[in-house]
Amino acid sequence: MGSGNRKEREDSVLGNYWYLFRGWFGNSRWNLFFVLAELICSVSEYFVGLYLPKVGVSLVVEQVSVEKLTVTLGLMGLLYFVLKAASQTSYQLINNPCLKYRHVLEERVLQKICHTSYSDLEDPDYKRMIDRAQQLYVHWDRDVKACVYGTLDFVFYLITIPIASGLLAVLHPAAVLVLAAGAWVQYRLGRRTVSWEKKHRDFWQPLEMKIDYIMSRVKDFVYAKDLRLYGAEGWLMPKYGGLLKERRKWKCRQMRQEVANYEASRVAGVGKEVIVYGFLLHGVLEGRVGPDDFVLYVGLMRTLSASLSQIARKAGKMKENVLSIADYRKIMSMPDSMKREPGPGPEVPVDGEPAITFSHVCFAYPGADEEILKDIDIKICPGEKIALVGPNGAGKTTLIKLLCGMYEPTRGEILVNGIPSVRWDLESWYKLFSVVFQDIGVIPATIAENVAACPPEEMDRNKVRACLEQAGLLDLAESLPEGLDTCLPKEMFREGVNLSGGETQKLLLARAIYKEAPILVLDEPTAALDSKAENQLYLKYNELTRGRTSVFISHRLSSTRFCDRILMMENGRIVEEGSHEELMEKKGIYYRLFQVQSHYYRNDRTEEFSSGLDPEWEVSGYVSR
């Protein structure tokens with residue numbers, strides 16, 4: 001029952017438009033004034049325009065003087081002109097507030113995305129909902145501007161139709177009924193179009209997402225080299241063309257529905273006007289309708305017929321727009337999937353090094369049959385330096401994402417200083433971690449802003465310099481024409497620059513240092529560094545991790561020797577743990593992998609060397625994921 005009521009509220013036209021206008025009027029106090037001015041002037045203009053021809057014919061029939069005819073029609077014409085100008089001015093003045101509110105809606109969605117759990121953003125259904133919600137500020141025919149203007153037109157017809165109907169009913173009451181019946185038929189035909197789209201849009205939305213994805217990647221400079229070297233035109237563009245073809249098929253089906261309903265609506269419109277003309281001619285023949293009344297009734301009939309048809313069309317359009325408003329409301333009101341207790345979490349520890357505990361943690365992706373992590377039960381002592389190693393698919397990065405609050409355990413719990421993760425709100429939990437992930441990317445801003453991750457007026461530039469020096473990037477940054485104020489990347493800024501992969505990794509390392517979070521996580525921090533830079537990072541590792549608990553992921557086992565403890569993962573489990581020396585003495589999996597890797601760096605390696613491991617464990621497959 002509750003679900004049905006919620007669904008009814010989501011689809012309610014009044015409820016959704018009240019949500020939209022409440023926010024729009026609240027965004028600027030002038031919006032209500034512009035709306036009232038537009039409605040008053042447009043309704044007044046409408047009826048002055050209707051009565052102007054009647055007055056002219058009446059004065060001619062009465063054979064009044066040319067002076068009186070000219071003055072009367074001139075004054076009425078001037079009034080009509082002033083009202084029309086005021087109406088159009090008010091109508092145009094609404095445009096800018098609509099644009100401004102579009103930006104407000106967009107910012108709110110971006111804020112929602114920024115505060116939404118990472119696991120939700122990976123969900124295809126959630127991505128589809130985001131795409132639908134964006135229609136309210138990107139879709140040219142359904143954005144907030146279309147909703148506001150469409151509503152104004154609807155209210156205008158809602159005011160004028162009863163008045164015009166009352167005047168036309170003097171001719172014959174049935175005339176109004178005929179026009180109303182025709183408008184109702186047109187409205188029902190319009191609803192058929194909306195119902196068809198609502199029923200089938202899930203078929204073409206995935207196509208649009210794929211089309212947009214390919215388009216964004218083709219335009220992205222990061223992919224430019226690969227797309228050229230591997231002949232994107234030969235294999236990617238046909239795929240893109242195929243998606244466009246499928247989308248056009250759905251568009252053609254949609255257009256056929258719209259055309260069929262439109263033509264049927266035109267037939268209904270012509271039929272109702274023919275019948276009303278019959279009433280009008282009958283009145284003329286009976287002598288009940290004079291020349292001036294004939295002009296007025298023709299004007300009333302045509303405008304009322306058009307208004308009834310328009311209100312039916314506008315009502316259908318408003319029903320379409322409700323889909324976008326409802327989708328926006330749905331994404332904005334959607335609760336986070338992370339199981340966190342409401343209210344602020346515990347204070348982020350500022351003194352001392354936190355301990356981390358994984359208590360029988362298991363994790364499986366939604367809908368997956370098999371768990372990625374299985375019974376992870378470890379404790380990382382305060383200030384301890386942990387190396388996490390294992391083959392491709394062992395679950396290392398998944399474990400890190402759980403630690404950093406990207407995912408929630410399916411079973412078990414994660415604790416920092418003995419406090420379970422569910423007692424922390426996400427923002428407080430994120431403050432615990434400085435992380436350098438494998439996926440490297442920069443914010444379109446200056447080097448200093450990328451390091452500090454805050455506006456220039458809030459950053460400590462001396463601290464930025466110190467962090468860049470620790471990361472080994474200060475000399476390069478200061479050699480650039482704008483120094484620390486050099487913008488990244490050059491595709492976004494005329495005077496910007498692009499950093500190499502290794503330089504970008506150093507920049508992100510500097511950002512992690514600047515944050516000074518109590519837990520430092522480095523996920524393959526040397527993947528894009530040369531051997532000299534890698535060695536320098538290892539030499540600085542103790543300095544970087546002083547006063548912090550740290551977790552270090554690497555596929556190069558030689559780099560783990562400076563860590564206090566090594567956790568060896570396989571198939572989602574911790575299979576070995578200990579220091580480098582302890583694991584080498586065990587002569588288990590870690591020992592054999594170390595022998596494999598060191599073999600490739602020795603001059604005396606031979607073709608006969610064998611690690612004794614399964615082929616899937618060889619170095620070619622030993623990468624961090």
Side-chain angles (χ1 to χ4, degrees), residues 356-365 368 370-381 384-403 407 409-412 414 437-438 521-527 531 534 538 541 545 549-625:
I356 305 169
T357 303
F358 277 70
S359 179
H360 302 287
V361 169
C362 300
F363 178 76
Y365 287 103
E370 187 177 352
E371 291 178 331
I372 302 296
L373 296 179
K374 305 159 188 174
D375 196 32
I376 302 296
D377 193 36
I378 55 173
K379 181 173 182 179
I380 302 174
C381 298
E384 190 174 15
K385 300 173 181 59
I386 293 294
L388 196 61
V389 299
N392 182 26
K396 301 185 297 300
T397 298
T398 301
L399 188 148
I400 290 302
K401 288 181 177 179
L402 279 165
L403 173 63
Y407 303 144
T410 308
R411 290 183 288 140
I414 303 171
F437 286 111
Q438 290 183 64
V521 179
L522 302 177
D523 187 0
E524 293 289 358
T526 64
S531 56
E534 180 182 19
Y538 293 155
Y541 189 72
T545 57
T549 302
S550 64
V551 181
F552 178 86
I553 301 178
S554 178
H555 73 279
R556 302 176 188 177
L557 300 190
S558 60
S559 67
T560 63
R561 305 177 75 169
F562 55 81
C563 293
D564 300 321
R565 188 155 47 113
I566 301 165
L567 303 179
M568 183 75 200
M569 294 191 68
E570 179 186 8
N571 296 325
R573 299 180 184 274
I574 304 293
V575 293
E576 290 181 359
E577 62 177 291
S579 67
H580 173 77
E581 291 74 17
E582 290 170 345
L583 294 181
M584 291 299 288
E585 287 179 7
K586 287 182 180 180
K587 294 190 176 181
I589 296 174
Y590 179 88
Y591 169 83
R592 295 197 296 273
L593 284 174
F594 190 85
Q595 294 298 319
V596 170
Q597 290 197 359
S598 62
H599 162 68
Y600 285 90
Y601 292 95
R602 293 202 300 261
N603 294 328
D604 62 343
R605 66 185 185 186
T606 63
E607 295 297 328
E608 289 76 18
F609 175 84
S610 173
S611 66
L613 298 174
D614 293 335
E616 65 183 35
W617 280 84
E618 292 298 336
V619 174
S620 60
Y622 194 71
V623 293
S624 174
R625 285 291 183 270

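Pairing each heavy atom of Ser359 with each of Asp377, the nearest pair is CA-OD1, 3.6 Å.
Separating the CD1 atom in Ile566 from the CD atom in Glu577 is a distance of 11.0 Å, to the nearest 0.5 Å. Atoms CD1 and CD, from Ile589 and Glu570 in turn, are 4.0 Å apart once rounded to the nearest 0.5 Å. Once rounded to the nearest 0.5 Å, the distance linking SG of Cys362 with CG of Leu402 reads 10.5 Å. Taken to the nearest 0.5 Å, the NZ atom of Lys401 stands 13.0 Å off from the CG atom of Leu403. Separation of atoms CG (Leu388) and CZ (Arg565) is listed at 11.0 Å; rounding is to 0.5 Å. Atom CG in Asn571 sits 10.5 Å away from atom CD1 in Ile372 (nearest 0.5 Å).
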Report the C-alpha distance between His360 and Arg411 in whole Å, list the side-chain angles of each, state the deciding distance to 0.1 Å, and finish with yes or no for side-chain contact (heavy atoms from CB on, under 4.5 Å). CA-CA 7 Å; His360 302 287; Arg411 290 183 288 140; over 6 Å; no

Passes side-chain contact (heavy atoms from CB on, under 4.5 Å), Met584 versus Gln595? Steps please. CA-CA 10 Å; Met584 291 299 288; Gln595 294 298 319; 3.8 Å; yes

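Distance alone, capped at 3.5 Å, is enough to place a donor-acceptor pair between the Lys396 side chain and the Pro391 backbone.
Using cut-offs of 30° and 60° for the angle between ring planes, the Phe363 and Tyr407 rings count as parallel.
Annotation: Lys586, atom NZ; neighbour count of heavy atoms from other residues, nucleotides and ligands within 6.0 Å is above 12.
Each of Val389, Leu399, Thr398 was scored for a side-chain contact (heavy atoms from CB on, under 4.5 Å) with Met569, with one residue passing: Leu399. Tested against Tyr590 for a side-chain hydrogen bond (donor to acceptor under 3.5 Å, both in side chains), the candidates His580, Glu576, Glu582 yield a single pass: His580.
Counting heavy atoms from C-beta on, the side chains of Leu522 and Ser550 never come closer than 4.5 Å.
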